[in-house]
Amino acid sequence: MKKDQTLGETLRRQGVSRRSFLKFCATTASLMALPPSMIPVIAATLEKARRPSVIWLSFQECTGCTESITRSSSASIEDLIFNAISLDYHHTLQAASGSAAEQARETAMQENHGKYILVVDGSIPAANNGYSTIAGISNFDMLKEAAEGAAAIVAVGSCSSFGGIPHANPNPTGAVSVSDLIKDKPIVNVPGCPPIPAVITGVLVQFLTFGLPDLDHLGRPKAFYGQSIHDRCYRRPFYDKGLFADTFDDEGARKGWCLYKLGCKGPTTYNACATEKWNDGTSFPIQSGHPCLGCSEPDFWDAGSFYRSLSTPTENIGKAAVYGIGAGLLAGAVVGSVQRARKQSAVKAHQRVTIDDLDKES
Amino acid sequence: MTVHGTPGASPGCGSDTPCNIPTGNVVPLLHEILHALERWLDDGEEHAIDLRGIPMAPGEEDHLIETLGEGEIRADLSLTGRSVVLETRFPAVWLVTHYNTDDTIIGRFIEVCEMPAILKSQAEDARAGLEYLESLLSENNLQ
């Protein structure tokens, strides 16, 4: 594949029809929460886009983010875009190893200086550079070197976005996020443990079509992280009616009522799980009967027990529902605000998860 | 055909213990389609609705699709994963459903227009087809 080919040329050479391309653009517009009227704009822009060089660095991570993107589905429509970028370096996926692999990274950085996209998963140990190295190069040094010539950095996963699980109390490696270390490059955070594969692809498409996306206060693209799980949850009407599961095996749980009292972090968690879902759109945690853990939020691991509700919904929520969806949304926003404050205090207190929490005896 | 009510309520759920509470989005969507159809007839303005972006309780989307019904045209497209384009029983109101290669729905749109763009022949594909036909005739000395 030639690097100077446009995306449209590349796809045509691979036998992808224009109709398939339009289908890809339609589903991508939907993914990015763009109105369908934007589909022709996406198609026209993407068609002319050049295949970008992508360098993917993995630091203190579990490879879950790579698993997520590669196991989206075989020969999926997301694969189209991944076949159409030039993935020049990725520890896990590349065939080359040892010095040949590092040579590939250095060559890609030189040939595409100032133009390549740097994708990072995993946190960086700041306590001691020796905690994590690749080919004898510390994570921090490799990040600095690769970031210098990058057009933009995409921090994939909660570890590279916010420090993630390595950053959890007591954080033995002094794990930090990409944005803690790199201050002079645009950084797009795509948190999640792991992030939804279609969201990773969507961010790359958004970068190719419209440049850097609009970001929220945590550096996340608003198109995918603009709404809370709670606001998009199909169980939301139960919350508005005051119908909750109190344990994992009571009548409410069996009937699919709201999981708020079982510790659901949906009201304070911003992600696309409720609409995009997992396993090729099959389900997401709440649909499977488990509360949202809030994995796309900073310090989710230290924010108290997964199974303790951050605040108890007031009895008035059921009554407020009679005022309609608008009132429900307002109630959600207010409770969400209260929960955020509670969560922050939990982080400060470093509450530990106990067996009692797991048994949910409270 | 009932439009109101609680669609798709699960068996065993009574009025005291609901299993399924509608979001109430079906009727507003039908009104949106109504107004879009009026605008298309008056001004030719096309309109599309992305169903994936609208919260629906279990059964509500099925209820909406059942209400729209199926009209005279149904097209099965073999793309990267199949797509199904059907005209509903309301002419010029189309339901476009995209599947991935595992046959999972990855997008569903309602389009109000003469014909969804994805059904039309595409110039880029036609150009490739033209080259292929020319080479076929050339290879077989049929010029």
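Per chain, numbering begins at 1; letters A, B, ... match sequence-line order.
Summarising the geometry, atom CD1 belonging to B:I106 is positioned 4.5 Å from atom OG1 belonging to A:T27; distances are rounded to the nearest 0.5 Å.
Counting all heavy atoms, side chain and backbone alike, B:R52 lies closest to A:T275 at O-CG2, 4.0 Å. Residue A:A26 comes nearest to B:F109 through the heavy atom pair O-CZ, 3.4 Å, listed as atom of the first residue, atom of the second, then distance.
Using a 4.5 Å cut-off on side-chain heavy atoms (C-beta onward), B:L79 and A:S17 make contact.
Residues that satisfy the side-chain hydrogen bond (donor to acceptor under 3.5 Å, both in side chains) test with B:T97, not counting sequence neighbours, are B:R108. Residues that satisfy the side-chain hydrogen bond (donor to acceptor under 3.5 Å, both in side chains) test with B:D103, not counting sequence neighbours, are B:R82.
Most heavy-atom pairs under 4.5 Å with chain B: of the set A:R232, A:Q227, A:R235, A:R18, this distinction falls to A:R18. Here A:S30 is the residue among A:A29, A:G252, A:S37, A:S30 with the most heavy-atom pairs under 4.5 Å with chain B. The candidate from B:H98, B:K120, B:E111 with the greatest count of non-hydrogen atom pairs under 4.5 Å with chain A is B:H98.
A donor-acceptor pair under 3.5 Å is formed between the side chain of A:K23 and the backbone N or O of B:G81.
Annotation: B:E70, atom CD; neighbour count of heavy atoms from other residues, nucleotides and ligands within 6.0 Å is above 12.
For B:L119, the part sitting under 4.5 Å from any heavy atom of chain A is the backbone (N, CA, C, O) and nothing else. No part of A:Q287 comes within reach of chain B, as not one of its non-hydrogen atoms sits under 4.5 angstrom from that chain. Residue contact with chain A, scored on non-hydrogen atoms closer than 4.5 Å, is absent for B:I105.
The side-chain contact (heavy atoms from CB on, under 4.5 Å) test with A:R19 singles out one residue from B:S83, B:S78, B:S121, and that residue is B:S121.
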